[in-house]
Every structure is written in C-alpha cells, then in structure tokens.
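These notes are about the structure you will find just below.
As the structure lists them, so they are numbered: ligands from 1, and atoms in each ligand from 1. Not measured: the values here are computed from a predicted model.
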Amino acid sequence: MIPSHVVNRPTGRETGSFLALDLGGTNFRVCEVVLDGHSGARVRQSKHTITEAQKAAPGNELFDFFADCVYNFIAENGQAALTKKYKLGFTFSFAVNQVAINKGFLILWNKGFTNSGVVGADVVALLQAAFHRKKLNIDVTALVNDTTGTLMSHAYIQPSTRVGVILGTGTNCAYVERMENVTKYTPTDTPDAKEIIINMEWGAFDDEQVVIPRNKYDVKVDRTMNVQGKYTFEKMISGMYLGEIVRFVLVDLVKTGEIFKAGASPELNKPNHFETAFMSRIERDHTLDLNDTRTVLEDMLKIPRTTLADRRLVKTLCELVGKRSARLSAAGIAAVVTKMNKLDGCTVGIDGSLFELYPHYSNRMRDALREILGISAEYVVLEQARDGSGQGAALIAALADKQ
Ligand code: BGC
C-alpha cells in the first residue's frame, strides 16, 4: 500500500508535450506524448527488448542503456532537438517506496531483474544521473507505477475510473483513496489534497501465505522463481508464472505415467519452456483434434507423440490454471471496490497481455465478480485501458508541473 503522491485526477483538459519512459518487464519504451486537451493524445514511441544479460548487468549500465535509447529517440527529431529541455514521466513498474512524486527507492527487483546497485537506491536519481552522463537536458518530474498510469490514462477518457489494474507479466492494482484514510502519509506539499492514488503492490498480497490456498505446484514456482516467499498473489496470477505452473504439473503427470506415454522431451524439463502464450494458444484451439495444441506440444515442445486424450488433458489443465488466475484477480478487484464503497458504480481500467489477449479471461473475471458481489457486479465496469505507462506517465508529469 504505497502512496503514489498523485493527488489529482485528470480533467481531460491537460495539454503539453512530455516524454515518458516505460520499464515494465520484457519491454522498454521511450514515448513522446502530446496531450491535446480534449481527452486525446498523440504518441510517438520506440520499443526495445531488454535482454537477459541487461537484466543482470550492473545498475548503471542498465540506466545508461535507457539514456542511450532516449538520446537516439530525441535525435530522430534532428540534432537541434537534443539541446531542448524536456519533462519526463518515468514509469517504473516495480515495488518502489515512493517518498515524493519524483523520488522513490526500489524495495526489491522481480520479473527476472537482478541489476546490482539499484535496490535501496532512488531510481529517479539513477536515471537523472544517466541523463547527465549523456548530456541530455531532461527533468524527471514524475515517477509512476504502471497501475497508477493506467488509472490516470483511463480517467483521462473515462472520468468514472477509480481503479487501475495490470494483468500482464506481473500484476498489480492502484485505486483512489480518501486522504483521511491514509494514516501513513501526510501530504506536506499538497495540504489541501482530498484524495490520493494508492499503489497497492497487490502482487505481494498474502506473502505471509496464510489466506490463499496454495498447491504443491505453487510452492514449486515460489521456490524456483524470483524471490522465494515474495509475490505470492502475483505468482498465482500473472503471465510470468502461469506457464511454469502448467509445466510443473505436466512433468508430474509424465512421472506418474498419466500423460505422453510415448515419452516427454528435454524441452518440457527446462524451466520456463512452457510459455503462458502457449496456454493462450491451447485455450483458443477449438478444432476437433486439437491440432494447434498438437503443434505446441509436438513441434514447439518436441514431445514425440501425443494422443487426443493427452491434448485434452493439457487443455483442461490450461483452463484450470487460466481460470484460477482470472478468478483471483476478480477477487482482488471485488475487495478493492468494496473497500472503496463504490459498489454503486465505478470503472476499472485494465491493461496487460493476459486481460487483452488470453481467451475468456475477462469473461471469467466477470463470472467471478458476479459470484462474489451478486447484483452489484453489474455496476463494476471492467474496461480495456491503453497505454497507461506512456500516456498515464505523461499526464502525471503534466499534473506534477501544477502540483
Ligand atoms: C510490480 C508492480 C507492477 C506490476 C505490473 C509487479 O511485479 O511489482 O509494481 O505494477 O508488476 O507490471
């Protein structure tokens, strides 16, 4: 429950040109966002993949890479553009102890990042220093979590938005809280603020491991991925982990002789070789013989021969793990909306590959919401949000200017 220091929601009339830098997990983006003042924005962006080596390099090298990408991005507008002054919103989608709108200390890395010298450091200062090394005239005016960005960018076009959720590589939620309820934070620079966005870091919910029932595969994922004992909720929900849960079950079923009687494959035994994207593909396979499932299993995972019964079993397994993820995230949303006393109506802006691309994901969430909230579920609107990490960060940078 981290106060984001964002105390205003957008009106839709914000204007101006801002840079945004988005480090979410697998990808890294540089964006130039021009807010038009009519709930619209123009975005130019460049996208980069972060390699496994970059995720493990010393922190300064990672931040120098960011500065290089920003330099090249600005240079596309001509050499003169490089001397201009810019304001930048930094979307850094990791657990950060945020102490000001433009200051926050990394609590712990996850999503496979291990760069040294960053945990415990102010990530804005690290980025600012990398810009100085590159002689870029950029002011990092806002540090933003992607959920806060999603809430803001969706509120820019849909004012009833009170909650922002990410369901992608990781998962998390941000919501609008009344300031009087936030006892851990006094808004000294904005004493009149009535509300504040809270970055819940809900991925770390139940790290005490006493609330949510876990099975032996969850325990295995916890032991083998990222920091053990941390991010319990996220490990049962998000794209980084679902495929690995399925893989662990398959390996077990092979051992007990219940699947792939013709033999498994070395691929199946390699960590993270059953991608969550495979689950999407298998769940989308409605052919009689489950042909696409066969392609995944035999061509991509090199299982020598599969029977229809094998493929049906794999599909059921994907359904179980995919459904549990959707239902747990719906449970989270139901809890937040109930806590906010917004059962009479509010919009939840949701972004991320699971929500956007995983088959049936949003319907399963809706079903679960109905089970939990009954008729009130009808007033909780789940909407696809777009580009919270780019446009949302730009909006927060715009509002930080006024704050
Ligand atoms: C991070 C959050 C982030 C979420 C979604 C989690 O792993 O800790 O800060 O919002 O992923 O990207």
Worksheet item: Are any of the N/O atoms in T147 less than 3.5 Å from those in ligand 1?
Response: no
Fill in: Close-contact set for ligand 1 against Y231 heavy atoms, below 4.0 Å
8 (O)
Worksheet item: Which residue owns the protein heavy atom closest to atom 1 (C) of ligand 1, what's the atom, and how far is it?
Response: S93 O, 3.4 Å
Worksheet item: Just by distance, do the side chain of T190 and the backbone of A193 share a donor-acceptor pair under 3.5 Å?
Response: no
Discussion item. Taking the basic N atoms (NZ, or NE/NH1/NH2) and the acidic carboxylate oxygens, is any pair closer than 4.0 Å for R178 and E195?
Written reply: no
Worksheet entry | Under-4.0 Å heavy-atom contact with ligand 1, by part of V96 that carries it | neither
Worksheet item: Looking at R133 and D64, does any basic side-chain N land under 4.0 Å from a carboxylate oxygen?
Response: yes
Fill in: Protein contact of atom 8 (O) of ligand 1 - nearest heavy atom, named by residue and atom, plus distance
E201 OE1, 2.7 Å
Worksheet entry | Side-chain donor-acceptor pair present, H154, E383, cut-off under 3.5 Å | yes
Worksheet item: Under a 4.0 Å heavy-atom limit, does F94 contact ligand 1 with its side chain, its backbone, both, or neither?
Response: backbone
Worksheet entry | Residue-ligand contact F92/ligand 1, heavy atom below 4.0 Å | no
Worksheet item: Any N or O on N199 sitting closer than 3.5 Å to an N or O of ligand 1?
Response: no
Worksheet item: When the ring centroid of F205 is compared with that of F233, is the distance short of 6.0 Å?
Response: yes
Fill in: Ligand-side contact atoms (ligand 1) for residue partner I166, heavy atom cut-off under 4.0 Å
5 (C), 12 (O)
Worksheet entry | Between T306 and R311: side-chain donor-acceptor atoms closer than 3.5 Å | yes
Item to complete: State whether the side chain of K111 and the backbone N or O of G24 hold a donor-acceptor pair below 3.5 Å, judged by distance alone.
Response: yes
Worksheet item: What is the closest protein heavy atom to atom 5 (C) of ligand 1, and at what distance does it sit?
Response: D146 OD2, 3.3 Å
Worksheet item: Which residue holds the protein heavy atom closest to atom 6 (C) of ligand 1, what is that atom called, and what is the gap in Å?
Response: E234 OE1, 3.1 Å
Worksheet entry | Ion pair check, D206 and K235, cut-off under 4.0 Å | no
Discussion item. Does the residue A95 have a heavy-atom contact with ligand 1, meaning some pair of atoms that are separated by less than 4.0 Å?
Written reply: yes
